[in-house]
Number of protein chains: 4
Amino acid sequence: MEDKRSSIIAAAAEVIDKWGSQFTMDMVAQQAGVAKGTVYLYFASKQDLLLSMIMEGLQELEQGLKDAVVGCKDAGGKLAAIVTAHYQMVISKAPLFIKLVSQDPMLFREARPEILPYLKGIEGVYADVLKQGVQEGCFGGINPEITGIILLTLVHNAAASCSIFRPDLSAEAVLEQVHTLIFQGINAAPQLAFKNLLQEGKTCKV
Amino acid sequence: MEDKRSSIIAAAAEVIDKWGSQFTMDMVAQQAGVAKGTVYLYFASKQDLLLSMIMEGLQELEQGLKDAVVGCKDAGGKLAAIVTAHYQMVISKAPLFIKLVSQDPMLFREARPEILPYLKGIEGVYADVLKQGVQEGCFGGINPEITGIILLTLVHNAAASCSIFRPDLSAEAVLEQVHTLIFQGINAAPQLAFKNLLQEGKTCKV
Amino acid sequence: MEDKRSSIIAAAAEVIDKWGSQFTMDMVAQQAGVAKGTVYLYFASKQDLLLSMIMEGLQELEQGLKDAVVGCKDAGGKLAAIVTAHYQMVISKAPLFIKLVSQDPMLFREARPEILPYLKGIEGVYADVLKQGVQEGCFGGINPEITGIILLTLVHNAAASCSIFRPDLSAEAVLEQVHTLIFQGINAAPQLAFKNLLQEGKTCKV
Amino acid sequence: MEDKRSSIIAAAAEVIDKWGSQFTMDMVAQQAGVAKGTVYLYFASKQDLLLSMIMEGLQELEQGLKDAVVGCKDAGGKLAAIVTAHYQMVISKAPLFIKLVSQDPMLFREARPEILPYLKGIEGVYADVLKQGVQEGCFGGINPEITGIILLTLVHNAAASCSIFRPDLSAEAVLEQVHTLIFQGINAAPQLAFKNLLQEGKTCKV
DNA sequence: AATGAATGAGTATTCATTCAT
DNA sequence: AATGAATGAATACTCATTCAT
């Protein structure tokens with residue numbers, strides 16, 4: 001049944017959450033409540049299991065980002081929604097997502113061909129919104145594709161790093177700063193002035 | 001001699017570059033051209049070797065960032081210099097620096113106490129510049145400490161991820177986008193307009 | 001199966017017989033005709049294997065001593081039976097029993113808590129017979145508990161030492177002397193005189 | 001100098017006392033305050049060091065036993081003196097003496113040829129006294145040679161075992177029981193009766 | 001004579017994977 | 001489909017011994 005396959009993946013996620021990359025197939029089997037041999041009926045190898053998890057995780061993430069933009073019209077709103085959703089998904093699934101990007105590099109080097117489409121899919125979500133923003137004129141000075149990757153990386157690692165290394169920082173505070181950085185950069189002050197100026201409907205004489 | 005210790009670390013860096021976290025002490029010894037036992041004369045264990053490398057790498061990185069700001073007066077110039085230096089150091093030492101942040105999380109969880117001071121040191125370099133910028137009024141809307149960590153993470157992972165996952169992207173193009181994002185955020189266009197406006201010496205009526 | 005566990009213990013006994021404490025787990029596995037990993041299915045570690053052997057050996061020994069006294073009524077007969085049985089069991093299982101007492105002392109120092117009950121059990125067999133003898137008046141001048149330990153040690157080591165260091169001495173001759181020493185001490189002559197005197201039914205005026 | 005050789009042996013004794021058979025040549029060198037290589041100037045190998053210690057220890061023991069009988073005339077007094085001296089020497093040097101007899105059997109099996117003369121020497125001390133006693137008529141019913149070995153073993157292991165396994169028993173109480181056993185055997189009561197009878201100067205009618 | 005850095009054979013233990021049932 | 005006993009290659013670490021200085 002597909003049920004068993006899913007329950008093994010769920011068990012693996014829990015085990016990885018607890019043991020990191022030190023997890024063993026025994027742990028997975030025990031957590032899933034099946035025999036070791038059974039795991040091998042559904043996954044050809046440990047690496048296959050890991051790859052399956054990564055791919056499912058990335059798919060889920062992509063879907064989550066796509067769901068987040070539903071109902072948003074303007075590019076800015078979409079990007080904000082994506083960033084927030086992405087950040088929260090990483091926070092809630094930190095251990096797994098850390099694996100996704102920072103798992104043993106050898107795995108990625110060898111597995112890239114299989115994983116790449118999924119990564120591209122997520123990059124695409126970011127890139128599409130950025131392109132829309134550029135076309136709409138509200139984003140500028142950026143290369144949508146490259147900045148998409150950077151944002152993806154930024155959000156992902158800000159969430160992961162902070163949740164691991166800085167448990168003292170509140171997730172909300174970090175997220176807020178991420179938004180500020182993304183939307184206004186470091187030079188927020190003059191820009192805010194400019195924004196206020198625009199909001200007040202006053203013209204800007206040249 | 002300290003020479004041998006250094007050569008073992010260098011050998012380890014090469015081996016890690018090639019094999020990731022799957023490296024063995026035998027590989028290190030062979031690469032260093034010494035016997036296995038010799039490695040253990042200089043490092044108490046594999047973990048000790050790894051920690052030593054991480055700490056030396058972080059120290060070197062901190063020094064590199066501090067060197068980069070020498071001669072820069074204003075906070076903006078300093079930050080640009082730090083970002084560029086950091087990015088390039090990561091690019092040139094990617095495999096090692098990936099270990100620094102994405103090595104087996106268990107190592108970090110257990111070893112954090114020893115590594116934390118070094119991480120704090122680097123975070124401090126970023127935070128100091130951001131604080132200066134906020135005081136000088138050229139940076140705004142940010143929490144220097146948190147944004148320092150975010151920037152550190154951003155630069156670090158943008159460099160690492162791109163060099164690993166997207167060898168097709170030029171390092172320079174990515175760096176440029178990183179700078180743009182950091183200094184102007186995503187909404188570069190209006191800001192650029194504002195900048196141009198300022199540069200042209202024209203006043204901005206309210 | 002319990003069969004395999006037993007066969008591993010049997011193999012270990014043979015290997016220890018041949019190699020002493022220098023035995024390796026590889027040797028045990030090879031002797032048992034199983035893979036190295038299989039040994040670890042039944043014993044958690046080398047020390048666990050050793051402890052298991054010791055405890056099983058002591059249990060077997062205790063049972064052997066208890067079996068030996070069945071059918072004996074008087075304390076003297078019981079003690080003689082115990083001594084003989086003990087002596088022969090040690091002779092036939094010398095290598096293992098040497099481990100029991102003369103194995104790496106560190107093992108005993110650390111493991112004592114687990115082994116102690118088994119040693120106490122054997123000491124108890126001796127002590128019980130001695131107590132009975134004292135009550136019956138046929139033994140005297142002794143502390144049953146301490147002398148029990150001494151006899152245990154005496155028989156054990158006389159058997160072990162002689163079988164190792166003096167293969168030239170016949171086991172029977174040594175056993176005979178052990179009996180003589182235990183029952184009559186060194187001053188056998190006068191006592192024998194006394195005994196003869198009693199046997200001849202002649203009274204001993206006071 | 002012979003001084004250094006002695007100091008290395010002394011250091012080894014301390015290290016063995018502390019670490020048992022787990023001791024390493026490094027420990028010995030460090031304890032002796034010399035370089036590892038220096039140890040190998042005086043002893044060809046670890047086994048050689050161990051053998052030298054054993055042989056010196058046995059020589060010292062033999063000398064101690066011989067010293068103990070000085071001034072004793074009758075065989076009974078001599079034996080009592082030997083037993084007491086032997087017992088005390090083992091107690092005070094337990095760890096080393098345990099090595100002497102219960103060290104890794106492989107060592108003894110291989111080294112027996114070299115050690116045997118020293119063991120024979122000690123056995124001889126016991127045997128000589130027993131022979132004297134038999135000739136003088138105060139000891140009887142025994143084979144001096146075999147019983148010599150048994151007594152040697154008895155005293156040695158009673159002391160060693162009790163000091164290791166039964167720290168709760170006082171050394172004096174154990175020694176007393178050893179004496180009782182040796183001189184009167186287990187049937188102390190009738191013998192005592194006989195003794196009393198003799199002491200009272202009363203004749204024993206046949 | 002003395003040193004101690006270097007060696008490398010040796011060993012306990014782990015764990016992904018297989019396969020007979 | 002499911003099991004779990006068995007496998008054995010792989011690996012970190014130790015330590016007696018050597019030898020250039």
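Below, read A as the first sequence line, B as the second, and so on, with proteins coming before strands; counting in each chain starts at 1.
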*Measure the distance from CD on C:Q47 to P on E:dT11 and round it to the nearest whole Å.*
18 Å
*What would the secondary structure line of DNA chain E be in dot-bracket form, counting Watson-Crick and G-U wobble pairs under 3.5 Å, with [ ] for pairs that cross earlier ones and | for pairs with another strand?*
.||||||||||||||||||||
*Taking for each residue the nucleotide of DNA chain F with the nearest heavy atom, is it B:A44 or B:M27 whose nucleotide lies nearer the 5' end?*
B:M27
*Kindly state which residues belonging to residues 30-39 of chain B come within less than 4.0 angstrom of DNA chain E, counting heavy atoms of the residue only, listed by number.*
B:V34, B:A35, B:K36, B:G37, B:T38
*asked:* Please compare A:S45 and C:T24 by the position of their nearest nucleotide in DNA chain E and report the one closer to 5'.
replied: C:T24
*Calculate, to the nearest 0.5 Å, the distance between atoms OH and CD1 belonging to B:Y42 and B:I9 respectively.*
12.0 Å
*If we only count heavy atoms from C-beta on, is the C:V28 to C:I16 side-chain gap below 4.5 Å?*
no
_For atom NZ of B:K46 and atom C1' of F:dC13, their distance in whole Å_ = 12 Å
*Can any side-chain N or O of D:S52 pair as donor or acceptor with the backbone N or O of D:D48 at less than 3.5 Å?*
yes
*Go through the steps for A:K120 and A:E62 under the test salt bridge (charged side-chain N to carboxylate O under 4.0 Å, His left out), then give the verdict.*
CA-CA 10 Å; A:K120 294 268 185 198; A:E62 183 178 345; over 6 Å; no
*Whole Å only: how far is the CG atom of D:D26 from the P atom of E:dA6?*
15 Å
*asked:* Would the distance check show the side chain of A:K4 and the main-chain N or O of A:V34 forming a donor-acceptor pair, the cut-off being under 3.5 Å?
replied: no
*Supply the atom-to-atom distance D:I54 CD1 to D:Q47 CD, rounded to the nearest 0.5 angstrom.*
8.5 Å
*Closest approach of D:K36 and D:M25, non-hydrogen atoms and distance?*
CG-O, 4.4 Å
*Please identify each residue that fulfils side chain to side chain contact (heavy atoms under 4.5 Å, CB included) with A:Q31, with sequence neighbours left out.*
A:A11, A:E14, A:V15
*asked:* Rounded to whole Å, please give me the gap between CG in D:L41 and C1' in F:dT18.
replied: 12 Å
*D:M25 has an atom CE; how far is it from atom C1' of F:dT18, in whole Å?*
13 Å
*Rounded to the nearest angstrom, tell me the gap between atom CZ in D:F43 and atom P in E:dA2.*
13 Å
*Indicate whether OP1 or OP2 belonging to F:dA2 is found under 4.0 Å from a side-chain N or O atom of A:Y42.*
yes
_Just the rounded figure in Å: distance from P of F:dA1 to CG of A:D3._
14 Å
*Length of the line joining A:Y40:OH and F:dT3:P, which is rounded to integer Å*: 15 Å
*Identify whether NZ of Lys or CZ of Arg in C:K46 sits under 6.0 Å from the centre of the six-membered ring of C:Y40 and within 45° of that ring's axis.*
no
